[in-house]
Every structure is written in structure tokens, then in C-alpha cells.
Amino acid sequence: MRICVALSVMVALPAVAAPPPGASSCAGCHGGGGMPVLAGQPAEAIVAAMLGYKAGQGSPTVMDRIARGFTEAEIRAIAAWVSAPR
Amino acid sequence: MLGAALLAAPALAQAAPKVVVIGGGFGGAAAARALHRLGVSVTLVERDATYLSCPFSNAVIAGLREMEAQRFGYDGLRREGIAVVHQAARTVEDRRVVLADGDALPFDRLVMAPGIALHPDAIPGLDTEAMPHAWRAGPQTLLLRRQLEAMEDGGLVVLSAPANPYRCPPGPYERASLIAHYLKTHKPRSKLILLDAKDAFSKQKLFEEAWAALYPGLLEWVPLSSGGKVVEVDAAARVVRTEFGEHQAAVANIIPPQSAGRIAQAAGLTDRSGWCAVDPVSFESRQRPGIHLIGDAIIAGAMPKSAFAAHAQALVCAEAVAALLRGEAPAPPKLINTCYSLVEPGYGISIAGVYQPKDGLLADVPGAGGTSALGAPPAVRAAEAGYAEDWFHTVTADAFG
């Protein structure tokens with residue numbers, strides 16, 4: 001009976017692209033409440049900004065502390081995901 | 001039996017999996033919406049008709065903000081097709097939540113965001129109607145505000161902060177700052193003593209820098225090693241006793257020790273610490289499989305008990321639950337936390353962190369995170385105060401629609 005329930009559950013949900021590690025947390029601040037909205041921005045611009053913050057460039061207040069928690073590959077994946085219009 | 005089950009499966013395949021979410025705060029409401037977006041049939045169980053936000057409630061206490069700005073409803077969730085049941089959850093049986101009225105909600109998986117339980121009985125003599133905790137936004141917040149408003153100029157305000165862990169690590173220090181601002185601007189002969197059951201606290205250097213500049217002689221912090229631990233109170237006489245002596249308060253705000261919310265205890269999800277151990281990838285309970293926990297109630301390692309963290313955990317947990325319902329293994333996540341505190345209007349400071357699973361907990365990603373810079377110019381403090389407001393608008397819109 002448990003197998004039956006498990007199968008029914010498995011096939012009923014559509015497969016969707018899951019956010020890469022770290023990407024979903026961006027929605028805490030970036031969603032239209034005042035800080036820049038990321039959806040619809042060029043992914044390359046987000047990558048450039050994040051890599052700059054990570055390298056100590058610019059004058060961010062918090063994004064440098066956050067950018068240092070991600071590799072360049074992670075930043076590229078996050079940028080691709082958060083920049084997608086939704 | 002196996003053959004019969006396999007044959008029966010296609011007939012059942014149309015039903016969306018059912019997830020029940022208990023608790024409609026920042027974590028629970030965001031989890032319900034995220035699961036709904038992922039195609040899950042969601043029922044949110046929340047006792048109250050509306051939610052009152054703890055973030056920014058210190059500004060309500062200090063008279064800088066009205067309580068209605070803290071209130072959020074669930075109509076946004078209902079409009080999207082999420083079922084919202086306004087009842088307390090009594091307990092959790094095998095794959096069903098039993099509600100206060102005896103009804104039961106079946107689930108394939110359960111997400112719980114039960115918040116905290118407060119334990120004023122841990123401090124002998126404490127009566128929270130005389131000495132409010134105001135650590136859950138609501139009547140207690142307004143009671144403390146009224147007490148401050150009624151206090152004569154020259155009175156002593158005593159605030160006590162608990163030992164770790166507790167909801168919102170920088171919260172008592174933001175509160176002390178904003179009450180000090182109220183005293184400075186309305187009752188300048190008054191004083192605030194902050195009794196602390198520990199010797200160090202979140203954003204300590206930033207708070208101390210601000211206090212020295214803004215509230216010299218007005219705000220005094222008493223650490224554990226100098227007699228900061230409250231051992232007893234006389235609530236009616238407004239006397240607060242520590243290991244080293246006693247304070248005659250005009251207003252006393254005693255923040256008591258805390259644990260995971262009551263339903264987590266009732267459902268057998270807490271360990272001996274009183275909090276809930278979870279897997280850091282799926283947020284599934286270490287005690288009961290099929291039940292996931294997020295927010296202030298969990299033992300999250302380096303990740304603090306904050307609304308930002310609860311929201312970040314909700315989104316990761318929703319993806320993990322959806323993956324498990326599809327029969328897939330959830331991918332190891334990374335999570336972010338950012339907490340802003342106000343030390344006066346227009347003066348904000350922050351702490352941030354990035355976290356990843358390590359050794360069964362969420363650990364700091366080395367090299368990331370930290371606090372705002374010491375000695376930063378006023379423009380940076382003003383910017384961070386503004387970002388705190390921006391965060392509040394964004395996160396409440398994401399959680400409540």
C-alpha cells in the first residue's frame with residue numbers, strides 16, 4: 001500500500017528546474033520592495049556585479065559579505081536563475 | 001499485493017500530493033506559497049486570523065510605528081488557491097494533523113513553522129501582565145509601550161535579555177536602543193539598564209559604538225559576569241533581582257527563556273534542548289520522518305533564529321519537499337541570512353551570513369558574512385536603515401502575497 005501511495009505522489013508533480021544553491025534566498029530582499037528587482041535583468045550584469053563585490057570593488061553595504069559565500073560558478077548559476085522573468 | 005498496488009497506481013496519479021503547513025508566520029506562509037507554486041495541494045493551519053510581525057515591533061514599542069503596520073492577513077494565500085484553516089493544531093498523528101476541534105487533515109508530507117514557546121515560569125515571580133516580555137508581537141508589545149508612555153520622567157527601565165538560544169539574537173539590543181531613543185527624546189532624565197544573561201551578543205561592537213555616541217549615561221549594559229543574570233523578580237513591586245543585587249524599575253521588560261513552539265513539543269519533534277533537530281538539506285525532522293521543520297523552532301547550527309532565515313529556509317524546504325514527493329533526492333542547498341537592526345531612526349546596522357550543510361548542521365561558509373563596518377559614515381547607516389524597510393516590504397509581500 002505504501003508503494004502505491006508513493007507512486008501516485010511521484011507522478012502527480014510536474015518536474016521543474018530547481019533553483020541552484022543560494023538562489024532562492026535572494027527573494028528575501030530582491031522582489032520589488034525597494035531593492036533592485038533581479039528578474040528580467042541581464043544575467044551577465046548580475047554576474048559582473050557579484051564578482052566585483054566578491055573582489056572588494058564598489059561600495060556595497062552587505063552584498064560583498066554575501067558574494068564572498070559563493071564561487072564564480074555558483075554566482076553564474078544563481079544569476080541565470082534569478083534573471084529569468086517570472 | 002505489490003502487483004495490485006502497481007496496477008492501482010495510474011488511477012491515483014491525478015491527485016496532487018497533499019502537504020499541510022502548520023504556522024502562518026514568515027516561514028510557514030512563505031513555505032505554503034512556494035509549495036503551491038510547485039504544484040502541491042497546500043493547506044495552511046494557523047490559529048490566528050492575522051499575523052503580527054515581530055520584525056519592526058521594537059519600533060512600535062518606542063512609539064515610532066503603529067501596530068497596524070505589523071499586521072498581515074491570509075487573503076493573498078486564499079486567492080491563489082491555498083486552503084487556510086484558522087485553528088490551533090492539537091497534535092500530529094501518523095500522516096494526519098489533528099486540529100483543536102477534533103478534525104484531522106491528512107498529508108503526504110508536513111511542514112511545521114511553529115515558532116517559539118516562551119517560558120516566563122523559569123523566572124520566579126514573573127507575571128507578564130506586570131512585566132511584559134513583548135517577545136511575540138501583539139498585546140504584549142502595546143502593553144510595554146503604554147507602560148513606557150505612562151512612566152514619569154526620571155524612571156528606570158530594566159530590560160533583561162536571555163541566554164542563547166532565543167528568537168532574534170540582536171533583538172534585545174535593538175529594543176534597548178529604540179527605548180533609549182524614546183527616553184532621550186521624551187523623558188531625558190530616565191535611564192535604561194540592560195541586564196544580560198550572557199557576556200557577548202550579536203553586533204556587539206556596532207551597538208556599543210552607537211550607544212556611546214547616542215545614549216551616553218542613559219543606556220547601561222550589564223553582562224553576565226557583572227551580575228546581568230536575573231534570578232527572581234517581584235512583579236507587583238517592579239523589583240528585578242540579579243545574582244549581584246536588585247534594581248527598582250519603573251518599567252521592566254523581562255524576555256524569558258524560550259523553546260520550540262508548543263505543537264513541536266506535542267508532536268514529539270523536540271530533543272532534550274527543547275528545540276528541533278533537522279536534516280540541513282531537507283529540513284526533515286530527526287525525530288519523525290515525513291515532517292519538515294523551519295524557522296525559529298529548529299537547531300540550525302550557525303544560522304540564527306530570524307525572520308529572514310525562516311523565509312530562506314521555507315523556500316529551500318519547499319523545493320526539498322517537492323523533490324521528495326517526485327521521488328528525487330533534494331540537492332544540498334546554500335542559504336543566506338541578513339538581519340538589520342535600528343539603533344535610532346535612520347541609523348541601521350546589519351549582520352549577514354551564508355550557510356551550507358556540514359556535519360549534519362548548517363555551517364557558515366568560510367570567508368563570507370559578518371557585520372557592517374565600524375566607524376561607517378552616517379550615509380551608510382542611513383542606507384542600511386532604508387534597506388531594512390525595503391527587506392520588510394519585500395519579505396512580507398513574498399510570504400503573505
Side-chain angles (χ1 to χ4, degrees), chain A residues 1-39 50 53-56 58-79 81-82 84 86, chain B residues 1-2 4-6 8-17 34 38-40 108 308 311-312 315-316 319 322-323 325-327 330-338 350 352-356 364-365 367-372 376 380 383-384 386-387 389-398:
Chain A
M1 214 37 218
R2 271 188 186 280
I3 292 168
C4 163
V5 169
L7 283 176
S8 73
V9 161
M10 276 162 53
V11 292
L13 269 192
V16 285
S24 61
S25 289
C26 304
C29 288
H30 297 277
M35 280 178 243
V37 175
L38 303 175
M50 286 289 280
Y53 297 146
K54 186 176 159 74
S59 50
T61 54
V62 71
M63 285 312 300
D64 52 338
R65 295 177 254 159
I66 291 169
R68 288 197 302 269
F70 297 94
T71 65
E72 181 172 342
E74 286 173 333
I75 286 170
R76 290 190 179 281
I78 290 169
W81 194 82
V82 298
R86 39 178 79 76
Chain B
M1 189 58 207
L2 180 61
L6 286 171
L12 294 171
Q14 303 309 314
L38 290 163
V40 175
D108 294 302
F308 193 115
H311 174 259
L315 302 183
V316 167
E319 293 288 344
L325 290 169
R326 289 192 301 264
K334 276 191 170 182
L335 297 100
I336 300 169
N337 177 63
T338 305
S350 67
V354 184
Y355 311 91
Q356 62 191 359
D364 280 303
V365 173
T371 59
S372 315
V380 171
E384 292 221 292
Y387 295 151
E389 297 260 3
D390 292 350
W391 163 75
F392 187 76
H393 291 141
T394 301
V395 79
T396 52
D398 199 68

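Residue numbers start from 1 in every chain, and the chains themselves are labelled A, B, ... in the order their sequence lines are given, proteins ahead of strands. Computed from a predicted model, the values in this text were never measured in an experiment.
Residues B:T394 and A:G34 come closest through the heavy atom pair OG1-N, 4.4 Å. Scanning both residues, B:E319 and A:A18, for their nearest heavy atoms gives OE1-CB, 3.8 Å. In plain terms, the two heavy atoms of B:S372 and A:R65 that are nearest each other are N-NH1, 3.4 Å. Across every non-hydrogen atom of B:V354 and A:I66, the tightest pair is CG2-O, 3.6 Å.
Counting heavy atoms from C-beta outward, A:P21 and B:Q356 have side chains that stay 4.5 Å or more apart. Considering only heavy atoms from C-beta on, B:Y387 stays 4.5 Å or farther from A:V62 through its side chain.
Looking at B:K334, its side chain never comes within 3.5 Å of a backbone N or O of A:E74 through a donor-acceptor pair.
The residue among B:G369, B:P330, B:G386 with the most heavy atom pairs within less than 4.5 Å of chain A is B:G369. Looking only at heavy-atom pairs under 4.5 Å with chain A, the residue among B:L315, B:I336, B:V395 that has the most is B:I336. When the candidates B:P333, B:G39, B:G370, B:A312 are compared by the number of heavy-atom contacts under 4.5 Å with chain A, B:G370 comes out ahead. Annotation: maximal heavy-atom pairing with chain B below 4.5 Å, among A:G22, A:S24, A:G28, occurs at A:G28. Most heavy-atom pairs under 4.5 Å with chain B: of the set A:S59, A:G31, A:C29, this distinction falls to A:C29.
For B:F392, no part sits under 4.5 Å from any heavy atom of chain A, backbone or side chain. Contact annotation for B:P332: only backbone heavy atoms (N, CA, C, O) come within less than 4.5 Å of a heavy atom of chain A. In this structure, chain A has heavy atoms under 4.5 Å from both the backbone and the side chain of B:A322. Only the side chain of B:V365 comes within contact range of chain A, judged by heavy atoms closer than 4.5 Å. For B:A352, the parts sitting under 4.5 Å from any heavy atom of chain A are the backbone and the side chain alike.
In this structure, the separation between CG on A:L13 and CG on B:D108 is 9.5 Å, given to the nearest 0.5 Å. Between B:F308 atom CZ and A:S25 atom OG the span is 6.0 Å, to the nearest 0.5 Å. Note that CG of B:D398 is 13.0 Å distant from NE2 of A:H30, once rounded to the nearest 0.5 Å. For the atom pair OG1 (B:T338) and CE (A:M63), the distance works out to 8.0 Å, reported to the nearest 0.5 Å.
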